[in-house]
Amino acid sequence: MSTTHEQVLALDAADPLAGFRERFVIGTGPGDPVAYLDGNSLGRLPKATAERLRHVVEQQWGSRLIRGWTETWVPLPEQVGDLVGQTVLGAAPGQVVVADSTTVNIAKVLHAAAGLRSDRQVLVAARADFPTDRYLVEAVARQRGMSVRWVEASAGTAADAPADPPVDTALAAVLDRDVAAVLLSHVDYRTARIADMPGLTGRIQDVGALAVWDLSHSAGSVPVALDAHGVDLAVGCTYKYLNGGPGAPAFLYVADRHHAELEQPLPGWFGAADVFSMAADYVPAPGIRRMLSGTPSVLGLFAVEEGVRLVAEAGMDAIRRKGIALTRLLIGLVDEQLAAHGVEVASPRDPDQRGAHVVLRHHQARRLNDELTESGVIGDFRNPDLWRLGLSPLTTSYAEVWHAVQAARDWFERDHEHAREVAS
Ligand SMILES: Cc1ncc(COP(=O)(O)O)c(C=O)c1O
């Protein structure tokens, strides 16, 4: 039996997280989205963030000026780092900083990992990973006279070449005692497939290499347990499910067992033992603070703090439950209403293997996404033929999912009608 609109509205009525939606700016005027399914690219604006930033701008920047650094701002990267660590990463205090972009942080952790295994010559990454990850693995290897081996694994989509092995088999094929570090994504940016973090971390460490994880698409959508799983280093974005805002600073985790030996490639004054001593020689701060380089983005840090507070209040278990329910509803509606138009679900159907976005495959995905975006149904196009829909548990309603699928179904019907008219 097909899902009805009433059933979908009943899901919203019974949603224990429904109240969080009201704590975000959700415009309903002309120009505002009618279905925003892109919170995995840029999360919505929490009302508390607008308020907090106004306060910080007027009271701290406006009034305290340079005194703000010593009074409040210098420890923020670690304070917000601890909050992110505790709320979404399963990391005890003192192992996370928030600063710089994910891209910059990937470069830092790759260099740091290579430095911790300086007798080894190889970096490993996945061929299907996000571009910045692949570019940096190649660049860091080049800069350090190392080489790269690629994990040629299946991304887990329905239409994968059957020849592509699963990631653990593909990883086993490139792992040996020459490997210094392996960079992998926890939730695949296209398919949403969740990698087996504890299993893969164990295999990497079995050959003495370090496990480096990109958590950009899992932080705030899927529970992560970095300490419990013995992960070595990790990074991730805060502007997706953590709702930190455009260009919000990223997080960087290094397990405390590595801190004493940890060298970072961009040693700057903010990572020095005494920031304001202006010492002749660089002496790194003890602990994770040494991974900082220059002046951090204070407004960005406050915005991340507000976003993560909302995640902490909701709790990662409730967020994960709703992420599964939203993606399950979407997949069900696609099967019922879009499969007949040739749309395929290219994310894993098993909810345990799927993050909080769903990717759909259709040869017209680019045009579909462009035209629906104009009508306020906002998702993402991803090469070559993927329509990616992000379901952000704190802000996405079940009704938005319904609306997006109806809009896509209407688009296909109009498109077929048009094709028939042209042909006749
Ligand atoms: C998986 C992944 N890694 C890295 C990045 C790069 O992040 P940034 O552009 O903030 O450096 C992104 C951005 O979307 C991403 O999705």
Side-chain angles (χ1 to χ4, degrees), residues 37-44 77 80-81 84 88-89 96-111 113 123 125-140 151 153 155-156 167 181-195 197 200 211-222 224 226 231 233-253 265-266 291-294 296-297 299-301 303-304 307-308 347 354-359 378-383 386 388-392:
L37 303 187
D38 213 358
N40 59 332
S41 273
L42 178 63
R44 285 188 184 266
V80 180
V84 173
V88 295
L89 303 181
V96 181
V97 278
V98 175
D100 303 312
S101 65
T102 302
T103 298
V104 170
N105 285 343
I106 293 172
K108 288 185 180 182
V109 293
L110 287 174
H111 272 289
L123 292 174
R127 181 82 74 188
D129 211 339
F130 190 79
T132 225
D133 301 62
R134 292 181 279 108
Y135 302 161
L136 284 166
V137 165
E138 286 187 312
V140 171
V151 179
V167 65
V182 179
L183 172 65
L184 294 172
S185 276
H186 186 209
V187 171
D188 185 274
Y189 80 104
R190 279 184 297 199
T191 65
R193 186 178 200 87
I194 302 177
M197 182 182 282
L200 296 172
V212 184
W213 286 93
D214 182 338
L215 308 174
S216 294
H217 287 272
S218 45
S221 72
V222 172
V224 174
L226 294 181
V231 167
L233 305 100
V235 297
C237 301
T238 60
Y239 48 74
K240 301 178 185 290
Y241 298 98
L242 300 179
N243 303 304
F251 61 83
L252 179 159
Y253 162 95
L266 299 173
M291 293 308 282
L292 297 181
S293 297
S297 157
L299 297 181
L301 280 158
V304 174
V308 178
S347 290
R354 185 176 72 227
H357 65 270
V358 170
V359 86
I378 300 183
D380 264 328
F381 169 74
R382 284 290 175 268
N383 263 329
L386 300 173
R388 191 182 73 169
L389 300 175
L391 308 168
S392 202

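Sequence positions, counted from 1, serve as the residue numbers for this chain. Every heavy atom of this structure was used, including side-chain atoms; hydrogens, water molecules and symmetry mates were not. Each ligand, and each atom within it, is numbered from 1 in the order the structure gives.
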In the protein, which heavy atom is nearest to [atom], and how far is it?
atom	answer
atom 14 (O) of ligand 1	K240 NZ, 2.9 Å
atom 16 (O) of ligand 1	H217 NE2, 2.9 Å
atom 3 (N) of ligand 1	D214 OD2, 2.7 Å
atom 9 (O) of ligand 1	Y239 OH, 3.5 Å
atom 12 (C) of ligand 1	F130 CE2, 3.3 Å

Exercise for the section: Could you tell me whether the side chain of D380 and the main chain of D38 form a donor-acceptor pair under 3.5 Å? Expected result: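 No; judged by distance alone, with no hydrogens or angles, the pair does not exist.
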Practice task
Determine yes or no for a side-chain-to-main-chain donor-acceptor pair under 3.5 angstrom, with R134 supplying the side chain and D129 the backbone.
Solution key: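 The answer is yes, because a donor-acceptor pair under 3.5 Å joins these two groups.
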Exercise for the section: Over all heavy atoms of both residues, which pair between D214 and L183 is shortest? Give the atoms and the distance, please. Expected result: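 Closest approach of D214 to L183, heavy atoms only: N-CD1, 4.3 Å.
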Problem - G247 versus Y239, closest heavy-atom pair with distance - result: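 Reported closest heavy-atom pair: N-CD2, 4.2 Å.
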Exercise for the section: With heavy atoms of C237 as the reference, note each atom of ligand 1 found under 4.0 Å away. Expected result: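 Numbered from 1, ligand 1 contributes 7 (O), 12 (C).
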Practice task
For S101, counting its heavy atoms only, list the atoms of ligand 1 lying under 4.0 Å from any of them.
Solution key: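 Under 4.0 Å from S101, ligand 1 has these atoms: 11 (O).
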Ligand 1 to [X] polar contact by distance, N or O atoms, under 3.5 Å:
X	answer
Y189	no
S185	no
T132	no

Indicate yes or no: at least one non-hydrogen side-chain atom of [X] is less than 4.5 angstrom from one of [Y].
X	Y	answer
V104	L266	yes
S293	K108	yes
L110	V137	yes
V151	V167	yes
R382	V359	no

Backbone, side chain, both or neither: what part of [X] comes under 4.0 angstrom of ligand 1, heavy atoms only?
X	value
D129	neither
S41	neither
T102	both

Exercise for the section: Assign the ring pair Y189 / F130 to parallel, tilted or perpendicular, where the plane angle (0 to 90°) is split at 30° and 60°. Expected result: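 Judged by the thresholds at 30° and 60°, the geometry between Y189 and F130 is perpendicular.
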Practice task
Using non-hydrogen atoms of the residue, decide whether A250 is closer than 4.0 angstrom to ligand 1.
Solution key: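 Under 4.0 Å: no for A250.
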Exercise for the section: Out of T103, L215, D133, D188, indicate the one that has the non-hydrogen atom closest to atom 6 (C) of ligand 1. Expected result: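 When every heavy atom of T103, L215, D133, D188 is considered, T103 comes closest to atom 6 (C) of ligand 1.
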